[in-house]
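Report on one structure; see the data block that follows.
In the text below, chain A, chain B and the rest are named by the order of the sequence lines, each starting its count at 1. Because only heavy atoms are used, hydrogens play no part in the values below, and waters and symmetry mates are left out as well, while side chains stay in.
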2 protein chains.
Amino acid sequence: MATIHDVAERAGVSVTTVSRVLNNRGYISEKTRRKVYDTMAELNYQPNEIARSLLRKQSNLIGLIVPNVSHPFFGELTDAIEYYAYQQGCKLLLCNSQLDPLKERDYIEMMKRHRVDGIIMGSHTLEVEEYRNLNYPIVTIDRRIDSLPYVASDNYRGGELAAELLIGKGCRKIAHICGNLQLDMLSNLRTAAFEEKLRSAGIEFVTLQTEMNVFDQQEYEQLIAKLFDNHPDIDGVFATSDIIASFVMKRCRMLGKAIPQDIRIIGYDDVNAASWVTPAITTIKQPIEDMGRLAVELIRRQMEGEPFERENVLPVKLVERSTT
Amino acid sequence: MATIHDVAERAGVSVTTVSRVLNNRGYISEKTRRKVYDTMAELNYQPNEIARSLLRKQSNLIGLIVPNVSHPFFGELTDAIEYYAYQQGCKLLLCNSQLDPLKERDYIEMMKRHRVDGIIMGSHTLEVEEYRNLNYPIVTIDRRIDSLPYVASDNYRGGELAAELLIGKGCRKIAHICGNLQLDMLSNLRTAAFEEKLRSAGIEFVTLQTEMNVFDQQEYEQLIAKLFDNHPDIDGVFATSDIIASFVMKRCRMLGKAIPQDIRIIGYDDVNAASWVTPAITTIKQPIEDMGRLAVELIRRQMEGEPFERENVLPVKLVERSTT
DNA sequence: TGACATATGTCAAACGTTTGACATATAATC
DNA sequence: GATTATATGTCAAACGTTTGACATATGTCA
């Protein structure tokens, strides 16, 4: 690839002049400017960002670690993050941890080695201690770790909304399927709120936890099958993701339960897929795009030393469709 | 951040020695090695990959441009690509073109400026001319452009399989929904094969094209609604993605058509979502993971100057589920 | 005429690392 | 005692760019 020296030589000017054109500094005549641009086009010159980064001590890269981009929630979140990163001239370095702590640790180190401007963590499988000592511009999604800035939506309110809806519809025995409560995620608040509401309304419920916190079709299916074996009289389900909700629907169909007549189902996230399935899923909408935008913004602020909010909890919304 | 100089000074050795430890070259005593490692840990030293890249003229970055990671097919493909890139020590630079030619062009230039080791193009909205002059290690997904290496699955065979299945099930009037045939994509072969089979079997069919080639829920719904308005007697549908298939199912449910009794539906891709919906979608499986693996491998071979195959067409498979 | 703005050049340092050439010292081996 | 392997050091160049300091023109305006 051509370097700035090649351009200078070919254009018959000095390297400094080319740099001046490139960075719009100092005096440059229109004639020279044109000549330099022409030469760059001719040589197919692209300034080496690696050299620039080295000098500027800024890579214009944002690192993103998620369990898995092929999970709809993280796919849509990644989409948003990439969009806003691009808007401010940053590129996205994407890593799928697959919820493997070894991989996650390795990825964090990789990112530091590459001097990314900041890391957005959508996966958290390490010990709190490790994150604490990271000492790097960072934003956490859906998890509170000491004083690290985080972005989340109002999980507690989400749980309440789900409970209120199912209670309002007259459900008498409700199942709640959530992620692994051992993991210190903010999404656990959904469960807390939900259970509290049901308890105070005096409605019977059972809570099931999944093993891992990300998609495993087999596990979901077994869990749900067992749920209905043990509690055939369930008439309401609050699932912690739209994907899980769709598996519940699958099982109901199999068991001949009509939705929403015999059983009402509410999901979480409002990923696109929630409206692809039939009947379309009633769900609690997380403002995925806003979460992405905010995460990028928080990285930017940390980089530039601007003040920023540590706790960023965005509102959720009930989206009623056809499963309730 | 600590530099190699800081480590050297603190450990009481020369920079060269630290570099030797880091890169495992030359003679190093166990004692020194340990001391250096300890010091690195103490200072939280991470070698600056930017400086390394500059010297080595290798960034260990692979660029990926897709229309949109939140589309299930591209999400799963991205997942696979990231996985294999990591396996060979590369990181993934992810870009969503949103099928906007301006963005796509801009992204390609960004990637060149960042000196990525190669570009995997899952989005192709530019003129053939532009790709031709790219002059960079590149792999194209699902599109043939001159002599650029590409990865695809056997679209023609996929179209045949779909046709054979629907014919075999006794469908008499079949709709085919495909992407925009103006775009020179290899997926157009599905349509070609499908129509040919139907024609030679003497079966009536209608072909509908979507405007864009990526997800637009509104457009799909309108298109499908119109389809059934105009052709209420359709008893088979071949959709070019599982997502489109699920919208067809939605409409059928609304119209009171039983699946698969009144109408048989076959999708394409076999994304995870195909088995989330009820009934689970019969589909043509693209070997997404293999495609990802191969794409990364082709970049590697180009980088290292190893010989490689230009045309990489992987086999597809019929996965029969409950919509046929 | 002098002052100033404009336009370009030369030169060197800096970013953090690797690498080769070469020097020197100690220890082990014959 | 000579040779060799081991261990470390010094030094400088290279990767491609930016930037500041400084020099030197030419042109323009009082």
Any heavy-atom pair between the side chains of [Y] and [X] that's under 4.5 Å?
X: A/Leu294; Y: A/Leu314; value: yes
X: B/Tyr84; Y: B/Gln88; value: no
X: A/Arg144; Y: A/Thr140; value: no
X: A/Phe74; Y: A/Asn68; value: no
X: A/Met291; Y: A/Ser153; value: yes
X: A/Asn133; Y: B/Asn44; value: no

Rounded off to whole Å, could you give me the [atom1]-to-[atom2] distance for the [X] and [N] pair?
X: A/His5; N: D/dC15; atom1: NE2; atom2: C1'; value: 11 Å
X: A/Asn24; N: D/dT17; atom1: CG; atom2: C1'; value: 16 Å
X: A/Asp6; N: D/dC15; atom1: CG; atom2: P; value: 11 Å
X: A/Asn23; N: D/dG20; atom1: CG; atom2: P; value: 11 Å

In numerical order, the residues of residues 36-61 of chain B whose heavy atoms come under 4.0 Å of DNA chain D are B/Leu54, B/Leu55, B/Lys57

Within residues 105-119 of chain B, those residues having any heavy atom closer than 4.0 Å to DNA chain D are none

Applying ring pair (Phe, Tyr, Trp, His ring centres under 6.0 Å) to A/Tyr107 and not counting sequence neighbours gives B/Tyr86

Closest heavy-atom pair, A/Ala85 versus A/Ile62, reported as atoms and distance to 0.1 Å, is CB-CD1, 4.3 Å

Got a sec: does the [atom1] of [X] have more than 12 other heavy atoms crowding it under 6.0 Å?
X: B/Glu127; atom1: CD; value: no
X: B/Glu297; atom1: CD; value: yes
X: A/Glu30; atom1: CD; value: yes
X: A/Arg310; atom1: CZ; value: yes

Taking five pairs at each terminus, the helix from C/dT1-D/dA30 to C/dC30-D/dG1 shows an axis bend, to 10°, of 40°

#### Entry: Phosphate-side-chain proximity, A/Ser19 and D/dT17, N/O vs OP1/OP2 below 4.0 Å
no

Original post:
Any side-chain N or O of A/Arg25 under 4.0 Å from OP1/OP2 of D/dT18?
Top reply: no

Contact string for nucleotides 25-30 of chain C, one letter per nucleotide 5' to 3', B = base within protein heavy-atom range under 4.0 Å, S = sugar-phosphate only, - = neither, reads ------

Next item on the list: Spell out, as yes or no, whether a donor-acceptor pair under 3.5 Å connects the side chain of B/Ser53 to the backbone of B/Glu49.
Entry: yes

**Prompt:** When you measure from the side chain of A/Glu76 to the backbone N and O of A/Val271, does any donor-acceptor pair fall under 3.5 Å?
**Reply:** no

*asked:* When you compare the side chains of B/Ser14 and B/Thr17, does any donor N or O come within less than 3.5 Å of an acceptor on the partner?
replied: yes

Between the protein and nucleotides 6-9 of chain C, list every N/O to N/O distance that falls short of 3.5 Å.
residue : atom : partner : partner atom : Å
C/dT6   : OP2  : A/Tyr27 : OH           : 2.6
C/dT8   : OP1  : A/Ser29 : OG           : 2.9
C/dT8   : OP1  : A/Thr32 : OG1          : 2.2
C/dT8   : OP2  : A/Ser29 : N            : 2.6
C/dT8   : OP2  : A/Ser29 : OG           : 3.0
C/dT8   : OP2  : A/Thr32 : OG1          : 3.1
C/dG9   : OP1  : A/Ser14 : N            : 3.4
C/dG9   : OP2  : A/Ser14 : N            : 3.0
C/dG9   : OP2  : A/Ser14 : OG           : 3.2
C/dG9   : OP2  : A/Thr17 : OG1          : 2.2
C/dG9   : N7   : A/Arg20 : NH2          : 2.9

Of B/Asn96, B/Ile288, B/Val66, B/Ile120, the one forming a side chain to side chain contact (heavy atoms under 4.5 Å, CB included) with B/Thr78 is B/Val66

